[in-house]
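Heads up: the structure comes next, in structure tokens.
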Amino acid sequence: MAGATEASASAETDSVTPASAVGSNIELENKPQTEEIKRWGDVVDDEEQPSDTVSSSEDKVVEELKVDKLSIDDTKKINKFLDDPEDSSIQAVTSGDTPYASASTFEDLNLSPELLKGLYVEMKFQKPSKIQAISLPMILTPPYKDLIAQAHNGSGKTTCFVLGMLSRVNPDVKRPQALCICPTRELSIQNLEVLQKMGKYTGISSECAVPMESANNDRSRSRPPIFAQVVIGSPGTIKRLMSQKKLSVIDMRVLVFDEADHMLAKDGFQDDSLRIMKDIERFNAHCQVLLFSATFDETVKNFVSRIVKKDHNQLFVKKEELSLDSVKQYKVYCPDEMVKILVIKDRILELGENLGQTIIFVNTKRSAAMLHKALVDLGYEVTTIHGALTHEDRDKIVKEFKDGLTQVLISTDLLARGFDQQQVNLVINYDLPVNMRLHQSLIMRCTCIGLVEQGVLAAKVPSWNSEEDFKIALKEAGLL
DNA sequence: ACAGATG
């Protein structure tokens, strides 16, 4: 397992089957453009109204919008992998009359030879995944329209915007031109690693804008201006760098929000995100905005479609396609905390022989610390990560886990989004997640056992005191 | 409400 460390570190974020096929169930719809959609400047406040907004909302588009069929190559279906997560239907909603042809090869995208080399040699990709085949032409074809795209982790989502950023950067302009905002520093770092790997031969510079070493505050204050062409970071740091004029937005061409539904949710990072968008738009009204997320609930979907430019494109995976039948999910009724810990110990860690790596999600930092102590006292080697740890500790714990040095990791929602580690086979939800959406990405791929204190009905409910029930369940999930 | 990221 240790031998796989290097490869698994970054590439697996897009653990797409290299040759995943361009499927056949693509629906194309006209986006209704009857209602006037305001731009983000209007949503935040009314202090300014960009002139082009006024004019564009004036031209009542009576002409019929042209719908361009995405070209679909049915012969590609034979390349489909057995459990290709992309074998689901995608709904594409295009705006205006820009024709988009689905890309069946990376060559179709007019990428630079250096970038192609990175895709083939470093990333070991062969062909675009389904979501890449459809989204990349939308991202890379002028006029560069905003895009709202729903695609789950492991589908090649990261590649979509990383490739988009790399290929829209002008290599000769040595200033920031692409910016990606992520909800956590861990995800920022992970995305940067993918970008640097993919862009290895391009010479494009990139940098993480996340909080620096917590110990020496002086240092973070004296952080030098950013010259990197691509910047990936968390909202607070990005916002601060921009207000300190250490991150120039004048050349910004692409603005990406990863985990966009969370970044733009009211109880998420909405304020920071809108502030950043607005500041960029003030200097650069034509900056392309890309929103990627595994999930968009109706409220957020509604909201984000108002804050992007009116002529944006959309890609949505049909809701019922999001969860895989092959993924086993269990709930175990546990009357109290002690039973939960005993279940983890005796019924899961002791019983499972092919567990691979396991992540235990908890709802609070306190709960994390408590469970950590309990399992360590029982003789297990576990590590724990949450936001109250120092950045150095966080980096160390994530690295050790990604390198396969630790088997069981306890985490708060810190890692619930976007965290990808191929070796993780099992997710245990110690507490019933407050927000199920948060855990979608790992749930999608892993066996998932929830320890619940109330009798929530579920498809499979092993009895916690029956070893036999657990054996059956673990065997069924391939963990025994 | 709590998690996250910051001032």
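Every chain is numbered from 1, with letters handed out A, B, ... down the list of sequences.
Taking the six-membered ring where tryptophan is involved, the planes of A:F292 and A:F161 are tilted, since the angle between them lies from 30° to 60°.
As a whole-Å value, the separation of A:F361 CZ from B:dC2 P is 20 Å. For the pair A:D267 CG and B:dA1 P, the computed distance is 12 Å after rounding to whole Å. Separating the CG atom of A:L187 from the C1' atom of B:dA3 is a distance of 15 Å, rounded to the nearest angstrom. Computed from coordinates, the A:H262 NE2 to B:dA5 C1' distance equals 10 Å when rounded to whole Å. Following rounding to the nearest Å, A:Q270 (CD) and B:dT6 (P) show an atom-to-atom distance of 18 Å. For the pair A:F269 CZ and B:dG4 P, the computed distance is 10 Å after rounding to whole Å. At whole-Å resolution of the value, NZ in A:K365 and C1' in B:dA5 are 11 Å apart. When rounded to the nearest whole Å, the span between NE2 of A:H391 and P of B:dT6 equals 7 Å.
Within the structure, a side-chain polar atom (N or O) of A:R240 is placed less than 4.0 Å from OP1 or OP2 of B:dG7. The phosphate of B:dG4 (OP1 or OP2) has a side-chain N or O of A:T412 nearer than 4.0 angstrom. One finds no side-chain N or O of A:T237 lying less than 4.0 angstrom from the OP1 or OP2 phosphate oxygen of B:dA5. Checking the phosphate oxygens (OP1, OP2) of B:dT6, no side-chain nitrogen or oxygen of A:R275 falls inside 4.0 Å.
Applying the side chain to side chain donor-acceptor pair (under 3.5 Å) rule to A:D346 yields no partners; only residues at least two apart in sequence or on another chain are considered.
Comparing B:dG4, B:dT6, B:dC2 by their closest approach to the side chain of A:S234 singles out B:dT6.
If you check every strand for non-hydrogen atoms under 4.0 Å, A:R366 touches nothing. Residue-level contact check: A:K239 touches neither bases nor backbone, having no heavy atom under 4.0 Å from any strand.
Using a cut-off of 4.0 Å between Lys/Arg side-chain N and Asp/Glu carboxylate O, A:R417 and A:D258 are scored as not salt-bridged. Between A:R275 and A:D279, at least one side-chain N (NZ, or NE/NH1/NH2) sits under 4.0 Å from a carboxylate O, which counts as a salt bridge.
Evaluation of the ring pair (Phe, Tyr, Trp, His ring centres under 6.0 Å) test over residues 264-283 of chain A, restricted to residues two or more places apart or in two chains, returns A:H262-A:F269.
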